[in-house]
Novice: 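Below: one structure in structure tokens.
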Amino acid sequence: DDTWSIVGSANLDMQSLRRNEESNVGILDKEFARKMSEAFNRDLKEANKLDLSSWTDRPLYQKFLEKIFAAIMKRL
């Protein structure tokens, strides 16, 4: 709405909800909101679109590493 910005680290996953200390802050400031929109649009220009086929076709070693790191994070 070009007025409100929400900035923070909170995620809706089990790790974040149970273990991590994460938070967000709401900022009511038109100038700050404009700067955030500009930063977001710059990021979009450099982003790579990820679709289902590229996700499922990622290399086997990457899938393996994801499983290993997920198991490690569960134990922390």
Side-chain angles (χ1 to χ4, degrees):
D1 66 358
D2 297 326
T3 302
W4 280 98
S5 300
I6 304 294
V7 179
S9 63
N11 295 298
L12 292 176
D13 61 28
M14 295 312 292
Q15 178 76 22
S16 299
L17 294 173
R18 290 187 177 174
R19 298 184 179 171
N20 298 345
E21 294 183 17
E22 300 187 9
S23 63
N24 289 340
V25 64
I27 301 167
L28 176 60
D29 184 286
K30 287 185 181 242
E31 180 62 18
F32 185 81
R34 183 187 64 76
K35 290 178 181 178
M36 293 301 292
S37 291
E38 289 174 359
F40 180 75
N41 287 324
R42 279 193 309 272
D43 289 345
L44 277 180
K45 289 178 184 174
E46 295 187 28
N48 296 317
K49 185 175 182 177
L50 179 63
D51 57 23
L52 181 59
S53 65
S54 61
W55 176 251
T56 56
D57 295 340
R58 67 194 187 285
L60 186 58
Y61 77 89
Q62 186 175 353
K63 294 176 186 178
F64 176 75
L65 290 175
E66 290 165 3
K67 297 284 186 192
I68 296 294
F69 289 123
I72 291 170
M73 292 305 294
K74 279 186 176 180
R75 294 174 197 244
L76 295 179

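Nothing here was measured: the structure is a model prediction, and the numbers come from that model.
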Novice: In terms of hydrophobic clusters joined by side-chain contacts under 4.5 Å, are Met73 and Ile68 together?
Specialist: no

Novice: Tell me, which pairs form a side-chain hydrogen bond (donor to acceptor under 3.5 Å, both in side chains) where one or both residues lie in residues 59-76, sequence neighbours left out?
Specialist: Arg58-Glu66

Novice: Within the side chain of Asp57, is there an N or O that forms a donor-acceptor pair under 3.5 Å with the backbone of Trp55?
Specialist: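 Side chain of Asp57 to backbone of Trp55: no pair is present.
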
Novice: Among the clusters formed by ILVMFWY side chains lying less than 4.5 Å apart, do Phe64 and Ile72 turn up in the same one?
Specialist: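 The answer is yes; both residues are in one hydrophobic cluster.
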
Novice: Would you be so kind as to tabulate the donor-acceptor pairs closer than 3.5 Å made by side chains of residues 26-41, with sequence neighbours excluded?
Specialist:
from, atom 1, to, atom 2, distance (Å)
Asp29, OD1, Glu31, N, 3.0
Asp29, OD1, Phe32, N, 2.7
Glu31, OE1, Arg34, NE, 3.2
Glu31, OE2, Arg34, NE, 3.4
Glu31, OE2, Arg34, NH2, 2.3
Arg34, NH1, Glu38, OE1, 3.2
Arg34, NH1, Glu38, OE2, 2.4
Ser37, OG, Ala33, O, 3.2
Asn41, ND2, Ser37, O, 3.1

Novice: Return the set of residues passing side chain to side chain donor-acceptor pair (under 3.5 Å) with Ser54 (not counting sequence neighbours), or none when no residue passes.
Specialist: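 With neighbours one apart ignored, the set is Asp51.
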
